[in-house]
Amino acid sequence: MAFIPRWFKSARASSSVGIYITHNSLLAVDELQPQQVVQREVGNAEPAATALRALLDEQQWQGRRLHLVLNRHWYQQTQMEKPAMPDDELAQALPWCMRELVNEPLDSLLFDYITLPASPTGQPRIAVYSSERERLAGLVKAVTPQCEIATIGVDELAMTNLLEPEERGLLLHKVPGQELTLTFIHQRQWNFSRTIRGFQALDDEQMAVDQFVFDNLLLELQRSIDYAVGQLKLNAPNRWYLALPQRVTPAVQAAISQVFNIESQSLTSDTLSPISLPALGILREEKE
């Protein structure tokens with residue numbers, strides 16, 4: 001994972017906390033208690049930086065090393081052909097490369113990129129991540145000097161750390177209020193993702209599980225695999241992972257195994273919900 005990984009760094013703290021910042025809540029995982037999630041809602045008129053500072057005060061996390069994960073409301077991803085220049089020069093040239101692809105003034109944004117698998121034509125590709133400089137600076141100001149910010153990353157990349165390094169995995173992730181996403185991951189590298197619309201009912205706790213019909217989901221999964229393997233020339237996944245609400249996970253697993261003859265593994269538990277997993281993922285990145 002490489003989204004501006006060392007923007008703000010000071011003396012090394014003793015232990016780490018991963019915090020996922022969404023548009024309406026903060027979800028934190030302490031490496032000393034990795035199976036527990038602390039959640040704090042962000043008020044309608046409350047800046048995220050203010051909520052972050054309050055969370056640290058409430059949990060008495062002063063002096064900890066923070067790994068912040070940004071929700072999609074905080075960043076933009078743009079894929080493009082990789083310019084023909086050395087990597088160290090490319091990092092500096094990203095604003096110039098993105099000048100026609102963003103709506104905000106270039107000097108108001110921070111950029112970083114990851115390398116993607118080559119296109120079917122063999123052309124190297126990159127995914128560029130951009131985020132508003134002032135919003136991020138507000139987060140840093142809110143916690144400094146009480147804590148060290150070791151990493152600021154993005155959720156789709158943090159999730160890749162939940163898989164074993166050697167695996168080619170397919171991940172289904174459903175966050176409340178967002179569409180279902182499917183992601184191809186190889187050696188903990190984000191390769192490809194797709195939004196699968198029409199499955200918001202997975203969030204509906206009032207709907208009986210036996211009322212779900214998964215035929216459309218299975219069809220969309222097959223289409224996504226065919227596209228990734230046939231068009232993008234990616235290797236087929238050898239492991240499937242689910243980051244879904246606990247109550248629907250067994251039914252989805254059963255449907256997948258009947259059609260694809262493969263067992264899928266759940267990443268969630270009674271204490272780790274799908275929306276908390278990016279915070280855990282960015283903590284695991286530090287261990288590598």
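The first residue of the sequence shown is numbered 1, and numbering continues consecutively from there.
A salt bridge is defined here as a Lys NZ or Arg NE, NH1 or NH2 lying under 4.0 Å from an Asp or Glu carboxylate O, and Asp30 with Arg64 meets this definition. With salt bridges taken as basic N to acidic carboxylate O contacts below 4.0 Å, one links Glu58 and Arg40.
Between the side chains of Thr268 and Gln246, a donor-acceptor pair is found at a separation under 3.5 Å.
A distance of 8.0 Å separates CZ in Arg133 from CG in Leu109, rounded to the nearest 0.5 Å. Once rounded to the nearest 0.5 Å, the distance linking CG of Asp155 with OG1 of Thr22 reads 10.0 Å. The distance from the CG atom of Leu172 to the CD atom of Gln253 is 11.0 Å, given to the nearest 0.5 Å. Summarising the geometry, atom CD belonging to Gln146 is positioned 15.0 Å from atom CH2 belonging to Trp61; distances are rounded to the nearest 0.5 Å. Put simply, OG on Ser224 and CG on Leu170 are 8.0 Å apart, with the number rounded to the nearest 0.5 Å. To the nearest 0.5 Å, the span separating CD1 on Ile114 from CZ on Arg125 amounts to 10.0 Å.
Taking each heavy atom of Pro34 and Val29 in turn, the nearest pair found is O-CG1, 3.6 Å. Between Ile126 and Thr115, the closest heavy-atom pair is CG2-CA, 4.3 Å. The two atoms that bring Gln76 and Thr78 nearest to each other are NE2-OG1, 3.1 Å, heavy atoms only. Of all heavy-atom pairs between Val42 and Ala51, the closest is CG2-CB, 3.9 Å. The two residues Ala243 and Leu277 make their nearest non-hydrogen contact at CB-CD1, 3.5 Å. What you find for Tyr75 and Leu70 is that their closest heavy atoms are CE2-O, 3.4 Å.
Residue Tyr227 is grouped with residue Val259 when hydrophobic side chains (ILVMFWY) are merged at heavy-atom distances under 4.5 angstrom, including chains of intermediate members. Under the 4.5 Å side-chain heavy-atom criterion for grouping Ile, Leu, Val, Met, Phe, Trp and Tyr, Leu32 is not connected to Tyr20 through any hydrophobic cluster. When hydrophobic clusters are built by joining Ile, Leu, Val, Met, Phe, Trp and Tyr residues whose side-chain heavy atoms come closer than 4.5 Å, directly or via intermediates, Val252 is not grouped with Leu219.
Thr144 contributes no side-chain N or O that, together with a main-chain N or O of Lys141, makes up a donor-acceptor pair within less than 3.5 Å. A donor-acceptor pair under 3.5 Å is absent between the side-chain atoms of Arg53 and the main chain of Val143, judged by distance alone. A distance-only check finds a donor-acceptor pair linking the side chain of His173 to the backbone of Pro274 [under 3.5 Å]. No donor-acceptor pair under 3.5 Å is formed between the side chain of Thr151 and the backbone N or O of Gly153. No side-chain donor-acceptor contact under 3.5 Å links Ser193 to the backbone of Thr183.
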Would you give me the side-chain donor-acceptor pairs under 3.5 Å for residues 81-105, sequence neighbours excluded?
| residue | atom | partner | partner atom | Å |
| --- | --- | --- | --- | --- |
| Lys82 | NZ | Asp87 | OD1 | 2.9 |
| Arg99 | NH1 | Trp96 | O | 2.7 |

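Residues Leu244 and Ser266 fail the side-chain proximity criterion, which asks for heavy atoms closer than 4.5 Å. Using a 4.5 Å heavy-atom threshold, the side chains of Arg65 and Val17 count as separate. Between Leu221 and Leu182 the shortest side-chain heavy-atom distance falls below 4.5 Å. Counting only heavy atoms from C-beta outward, the side chains of Ile19 and Leu27 never approach each other to under 4.5 Å. When side chains are defined from C-beta on, Met159 counts as touching Leu171, because their heavy atoms get closer than 4.5 Å. Using a 4.5 Å heavy-atom cutoff, the side chains of Leu234 and Phe192 are in contact. With contacts defined as side-chain heavy-atom distances shorter than 4.5 Å, the pair Pro237/Phe184 qualifies. Counting heavy atoms from C-beta on, the side chains of Leu56 and Cys147 come closer than 4.5 Å.
In this structure Gln178 satisfies the side-chain hydrogen bond (donor to acceptor under 3.5 Å, both in side chains) test together with Arg72, sequence neighbours excluded. With sequence neighbours excluded, the residues satisfying side chain to side chain contact (heavy atoms under 4.5 Å, CB included) with Asp226 are Gln222. Here Phe199 pairs with nothing under the ring pair (Phe, Tyr, Trp, His ring centres under 6.0 Å) rule; sequence neighbours left out.
Between Phe260 and Trp240, the distance from one ring center to the other falls under 6.0 angstrom.
For residues 165-187, the salt bridge (Lys or Arg N to Asp or Glu O under 4.0 Å) pairs, not counting sequence neighbours, are Glu167-Arg239, Lys174-Asp203, Glu179-Arg197. Sorted by first and then second residue, the ring-ring contact (aromatic ring centres under 6.0 Å, His included) pairs involving residues 21-42 (not counting sequence neighbours) are His23-His73.
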Quick one, Gln35 with Gln33, criterion side-chain hydrogen bond (donor to acceptor under 3.5 Å, both in side chains). Give me CA distance, side-chain angles, the key distance, then yes/no.
CA-CA 6 Å; Gln35 295 300 313; Gln33 297 176 303; over 6 Å; no
Between Arg247 and Val209, is a side-chain contact (heavy atoms from CB on, under 4.5 Å) present by the stated rule, with each step listed?
CA-CA 8 Å; Arg247 70 184 198 90; Val209 174; 3.5 Å; yes
Steps toward side-chain contact (heavy atoms from CB on, under 4.5 Å) verdict (Leu180, Thr195):
CA-CA 6 Å; Leu180 181 68; Thr195 298; over 6 Å; no
Please evaluate residues Asp57 and Gln62 with respect to the criterion side-chain contact (heavy atoms from CB on, under 4.5 Å), reporting the C-alpha separation (whole Å), side-chain torsions for both, the decisive distance (0.1 Å), and the verdict.
CA-CA 7 Å; Asp57 290 342; Gln62 292 82 4; 3.0 Å; yes
Please test Met80 against Val128 for side-chain contact (heavy atoms from CB on, under 4.5 Å), starting from the C-alpha separation and ending with a verdict.
CA-CA 8 Å; Met80 60 191 299; Val128 180; 3.8 Å; yes
